[in-house]
Amino acid sequence: MLHEKLASIYDSVLRRNPGETEFHQAVREVLESIGPVLGKHPEYAESKIIERICEPERQIIFRVPWEDDQGEVHINRGFRVEFNSALGPYKGGLRFHPSVYLGIVKFLGFEQIFKNSLTGLPIGGGKGGSDFDPKGRSQREIMRFCQSFMTELYRHIGEYTDVPAGDIGVGGREVGYLFGQYKRITNRYESGVITGKGLSYGGAQVRTEATGYGCAFFVEEMLKARGTSFDGKRVVVSGSGNVAIYTTEKVRQLGGTVIACSDSSGYVVDEKGIDLDLLKQVKEVERLRVDVYAKRRGGDAVFVAGRSIWEVPCDVAMPSATQNELTGRDAETLVRGGCIAVGEGANMPTMPEGIRVFREAGVSFGPGKAANAGGVATSALEMQQNASRDSWTFEFSERRLQEIMRDIHGRCLQTADEYGMPGDYVAGANIDGFKRVADAMLSLGLI
Ligand code: GLU
């Protein structure tokens with residue numbers, strides 16, 4: 001239920017942004033949490049902070065023409081939504097996926113504002129991407145696309161302006177091509193303009209692993225708060241990209257067993273525990289599908305085509321594929337199967353009905369903006385290292401990441417307590433993330 005003033009703000013968001021369903025969903029979830037804050041802080045409503053936060057500072061949409069290996073010309077659409085710069089330069093990844101349209105970029109950018117705020121680091125919120133489909137494209141096609149994309153994007157970004165990184169479909173390879181083209185056009189070695197770079201040209205230790213490791217650290221804290229740990233737990237991690245792979249790696253180091261992973265074709269159950277070297281070989285090196293993993297693994301590993309991974313019973317679920325991948329019914333199945341904790345590695349993977357089911361069942365639910373903040377937090381550490389022309393060790397960087405995740409976990413719980421919703425990480429994350437941005441905006445005048 002929405003507070004009266006918030007309901008009218010939400011109506012106006014619906015009216016002003018027609019058809020952008022994912023953006024509506026992300027806004028609604030935040031508005032549902034911040035009702036109690038308005039009671040305590042009338043100054044937020046008086047200065048229309050919420051209305052301002054829901055309106056991006058700038059939205060850029062551009063043409064990306066490129067030529068495939070056969071010489072055929074393709075036209076894609078590029079986006080960068082510069083949502084909020086009250087806390088620092090716009091910061092957030094680029095997503096290359098055929099589903100990308102303005103509504104997806106805006107939902108991601110909106111989430112990013114609060115996530116980045118929660119990290120406690122000086123980064124604003126933004127997001128971008130393209131409806132380009134990298135699946136099946138050759139290395140040269142990917143490079144040509146990235147170069148064309150950056151040929152427009154370069155004029156909008158900069159280490160003090162807007163700092164992109166990766167997201168779905170954009171990993172180390174793409175970041176390299178993007179940075180290379182930026183450097184060429186501007187004739188500046190401006191390392192801090194993009195994060196997720198390779199270690200040989202200004203990248204940071206642990207950035208590759210950070211989202212997954214951070215999510216595992218966050219869930220470890222949630223389990224600790226329930227008086228338990230990963231030890232001996234059966235864990236299901238959906239997806240098989242960067243987040244899923246490094247979540248699996250850290251969960252295993254923390255004593256849990258990841259027994260399933262997936263991609264858009266279906267899922268694999270491997271009761272002995274996912275073989276990480278094989279998964280990395282299949283997904284990161286050869287860029288193939290998870291059925292290939294099952295075939296090569298043999299033994300007990302089974303590939304199940306076209307079904308939901310959430311039918312696999314587990315103690316801990318870590319949705320790490322994409323938005324709205326876990327429905328209300330999936331949540332009921334998980335609860336029936338004994339699931340006690342959920343950590344979102346992806347952005348908004350659980351549908352609102354699913355969150356309700358988990359909340360009512362007393363499942364510890366770590367929303368993406370808190371649980372997956374380790375990726376962007378480590379990007380901010382990469383920016384710090386670039387600015388000081390320094391590079392930190394793996395151990396030191398991982399320790400920083402773990403401290404940041406513990407701090408986010410602690411603040412979510414403390415804020416939820418303060419507002420009379422003990423154990424509600426969604427409320428805690430939304431309120432804490434919102435307040436820092438709102439206070440900065442109040443201080444900066446009518447911006
Ligand atoms: N795409 C990641 C996220 O959703 C990381 C963004 C970044 O490092 O800037 O937070």
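In listed order, ligands and their atoms are each counted from 1.
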For Gly166 and ligand 1, answer yes if some heavy atom of the residue is under 4.0 Å from a ligand atom, otherwise no. yes
Within the 4.0 Å heavy-atom shell around Gly93, which atoms of ligand 1 are there? 6 (C), 9 (O)
The closest protein heavy-atom partner of atom 9 (O) of ligand 1 is Lys91 NZ, 2.7 Å
Donor-acceptor contact below 3.5 Å, side chain Ser148 vs main chain Arg144: no
Does Lys127 come within less than 4.0 Å of ligand 1, judged by its heavy atoms? yes
Is the NZ or CZ atom of Arg28 both under 6.0 Å from the centre of the six-membered ring of Tyr10 and within 45° of that ring's axis? yes
What do you reckon, does Gln112 put a non-hydrogen atom under 4.0 Å from ligand 1? yes
Answer side chain, backbone, both or neither: which part of Arg207 comes under 4.0 Å from ligand 1, heavy atoms only. side chain
Which one holds for Asn347 and ligand 1: side chain close, backbone close, both close, or neither close, with close meaning a heavy atom under 4.0 Å? side chain
Test Asn347 against every option in Lys115, Gln323, Gln112, Lys369 by the side chain to side chain donor-acceptor pair (under 3.5 Å) rule and name the one that passes. Lys115
Backbone N/O of Thr208 and side chain of Asn242: donor-acceptor pair under 3.5 Å: yes
Are Tyr189 and Phe179 close enough that their ring centers fall under 6.0 Å? yes
